[in-house]
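Encoded as structure tokens, the structure appears first; notes follow it.
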Amino acid sequence: MQFAIDTGGTFTDLIVKGDDGISHMFKVPTTPADTIVGVLAVLDAAAKAFGMSRSDLLARGSLLVHGTTHAINAVITKRTARTALLVTQGHPDILVLREGGRAEPFNFRYPYPEPYIPKSLTFEVPERVRPDGSVLMNLDEQAVIDIAAKLKAQRIEAVAVCLLWSIANGEHEDRIGWLLEQHLPGIPVTLSHRLNPVIREFRRASSAAIDASLKPMMARYLLSLEGRLREAGFAGRVLVVTSQAGVIDAKDAAAAPIHIVNSGPSMAPIAGRYYAQRDECSDTAIVADTGGTTYDVSLVRRGRIPTSRETWIGPPYRGIMLGFPWVDVKSVGAGGGSIAWVDTGGLLHVGPRSAGADPGPVAYGRGGTEPTVTDAALALGYLDASYFLGGAMHLDRERAEAAILEKVATPLGIDAAHAADAIMAVATENMIQAIVDITVNQGIDPRESVLIGGGGAAGLNAVRIARRLGCTTVLIPEVGAALSAAGAIMSELKNEYRSGQFATTADFDHSAAASTLSGLERQCRAFIDGPGAGALESAISYKVDARYATQVWEIEVPLHLGRIANSVELSAFVADFHKTHEDVFAFADPQSPIEIIGWSAQVTCRFNETDGLRLAPNTETPIDQHSRRAHFASLGWVDTPVRQFSAVDVGELLTGPVIVESSFTTVVVDPGAVATRRPSGSLSITLESLR
């Protein structure tokens, strides 16, 4: 038996995959004060459904995969460890100067952003390595020992080390790490050339700083998670979802927590890719995961899930640069709990503030007073007040309507129904902007993509979003309400290794390239023989970061052959680069030499079968063949048929308007759309006017 748990800002989702291959889905409110309480609570809900104790349920488990926002929340709220940064003498301003970008070049009203680690905790080490790896100045070990004494006096909790050109020769960083271990025992240290060997100093320094600052807290969190699970009866393997759409062992995540900064959202595209290929025979998809707090958009492009190093926590240039690859996810504050409000100028806004899990939307009756997207959906008749979470929660429609009337309708001079519809429309526009941003940046036309709806609130406005984007197909998987947890069950054990060796096609060094790739392969083989031992299947893939010789920024290009051993293979790589560049930027420059500034190898180990998830048959009392009053902008209030998700037959056509609901989600099939059930259980919706 396997468990996948995704802890979101509003709900904690669980998928239990039995030994018979049948899966079960559960959802409970998140407990923000202690998220592990929510983890145990959702396991309690599952145990109750199976008619056994939690300890008996956990005792049957062999694997538990956990997705968490604990790390990113700590970075955002600055609840990280007191961290010092050691740099090469003469270069103390790496985190201050950044990379020089500005969102508004001529706006000088904003104060310059503070560095992630303050100057007062940045220390210069006498040493210098040249770009070719030769030593210009030997490391002053006594200076390092003296710095260690200062760090101890200042009660430093973690240390990051980032020296110039350590990616060419890491001996000085390694020696500093050893000295700190001797003189600051128990204090975690991150060495930049081991964590993130990339050529850009700021990104390498930033990733090392973030990783070090998270180590004490994440070690405690993951140790507590494992310990409480063991106490509860679980004896299996605990894995944590990474930012790169894979999983790693909890102990490895604690040792390098930067891998799990964006843990939760990276799993949705794994499930989205599977269902897009299975149900719609498409290798290009927009995966939209609608939670209670955020709307997360990611892509599947030609069967691949794009990653990005342009990852900022907060606004670009002014926020915190992760400097580490993660699944390219665009997040906006437009979830089911996003609060609707009218500004002093009479404009309606939705988000980014969220009611979260506590107090939650007004309809929850837990003290919330500001209307949310969920309240609007309830007021429009899309949600059944007595069937939320399968009846586990009762929603207060009158209270939701009163809040909408007071906070939105009256200030705008409209009735409550039109105000609720306006809330949905504004939330939809916010979501559309996130999709347009990420698709255009990747050279993808939304009109040629399948829109995958994930998250409990995805189906409320998925058809609206598709119509505005020009998408002809919306797909809501049966497990869509817990899409990230489903992706976690489907995911593979994964790691990535990097090298910063420089190469150019103008004078390509085949032997150096072979040496670099062989070194990466050895690391991958060691991973397969270690954490990946016993996998059903293992694979290694290679890619490079490359650019035209006159460019500043690079793009990621797959190295399909896994090597560049001769002129024929070099020509194949050059062709791949030109094609990728044209896909992203709509042009190529075949006459220009190409520079490679980074090499990477990704190793994956698959422990699960690739047949997706089969949900257990629904045993609830059918709610089929009834209707309720619902409001649509084009029709007004109409009696709308309501169908139970699991009771819709495969191939049956449902012509909108119709509402399809289950214990975990509600799908609104708007007028002009037709839905049908796929053999996988997914609901496929086609927009007639766009076919």
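Everything quoted here is computed from the prediction, not taken from an experiment.
There is a side-chain donor-acceptor pair under 3.5 Å between Ser680 and Asp279. A donor atom on one side chain and an acceptor atom on the other are found under 3.5 Å apart for Ser684 and Glu280. A donor atom on one side chain and an acceptor atom on the other are not found under 3.5 Å apart for Ser266 and Asn262.
Here the closest non-hydrogen pair linking Gly335 and Thr290 is CA-CG2, 4.3 Å. The minimum heavy-atom distance between Gly272 and Val287, with the atom names listed, is CA-CG2, 4.1 Å. A pairwise comparison of heavy atoms in Met25 and Ala481 identifies SD-CB, 4.4 Å as the closest pair. Between Ile339 and Ser354, the shortest heavy-atom distance links the atoms CD1-C, 4.0 Å. Between Asn461 and Thr428, the shortest heavy-atom contact is ND2-OG1, 3.0 Å. Contact between Ile404 and Ala416 at its shortest, heavy atoms only, is CG2-O, 3.9 Å.
Judged by the 6.0 Å distance and 45° axis criteria, Arg60 is not positioned over the aromatic ring of Phe50.
A distance of 6.5 Å separates CG of Leu43 from CZ of Phe3, quoted to the nearest 0.5 Å.
At distances below 3.5 Å, at least one donor-acceptor pair connects side-chain atoms of Arg230 with backbone N or O atoms of Gly236. Under the 3.5 Å distance criterion, the side-chain polar atoms of Thr284 are left unmatched by any main-chain donor or acceptor of Arg301. No donor-acceptor distance shorter than 3.5 angstrom exists from the side chain of Thr30 to the backbone of Thr7, with no hydrogens or angles considered. Between the side chain of Arg468 and the backbone N or O of Glu429, no donor-acceptor pair lies under 3.5 Å. A donor-acceptor contact shorter than 3.5 Å is absent between the side chain of Arg237 and the backbone of Leu63. With Ser263 contributing its side chain and Thr69 its backbone, the two residues share no donor-acceptor pair below 3.5 Å. Put simply, the side chain of Trp341 never gets that close to the backbone of Val408: no donor and acceptor are under 3.5 Å apart. Judged by distance alone, with hydrogens and angles left aside, the side-chain atoms of Arg447 form no donor-acceptor pair with the main-chain N or O of Cys471 at under 3.5 Å. In this structure, Asp375 contributes its side chain and Thr372 its backbone to a donor-acceptor pair below 3.5 Å. Within the 3.5 Å criterion, the main-chain N or O of Met490 finds no donor-acceptor partner in the side chain of Asn608.
Inter-residue side-chain proximity for Thr374 and Leu378 is flagged as unmet; no heavy-atom pair is nearer than 4.5 Å. By the 4.5 Å heavy-atom criterion applied to side chains, Thr439 and Leu299 are counted as neighbours. Under the 4.5 Å side-chain criterion, counting only non-hydrogen atoms from C-beta, Ser23 is not in contact with Ile489.
More than 12 heavy atoms of other shown residues, nucleotides or ligands fall within 6.0 angstrom of atom NZ in Lys494. Crowding of His418 atom NE2: a count of heavy atoms from other residues, nucleotides or ligands under 6.0 Å not exceeding 12.
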Item to check | Test salt bridge (Lys or Arg N to Asp or Glu O under 4.0 Å) applied to Arg677 and Glu478, step by step | outcome: CA-CA 10 Å; Arg677 191 91 183 278; Glu478 192 174 17; 3.1 Å; yes
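With salt bridges taken as basic N to acidic carboxylate O contacts below 4.0 Å, one links Arg228 and Asp34. Under 4.0 Å is where a charged nitrogen must lie from a carboxylate oxygen, and between Asp13 and Lys27 at least one such pair does.
The aromatic rings of Trp637 and His631 stand perpendicular to each other, their planes meeting at an angle above 60°, with 30° marking the opposite boundary. Taking the six-membered ring where tryptophan is involved, the planes of Phe632 and Tyr382 are tilted, since the angle between them lies from 30° to 60°.
Under the side chain to side chain donor-acceptor pair (under 3.5 Å) test applied with Arg643, the options Glu661, His626, Glu652 reduce to a single match, Glu652.
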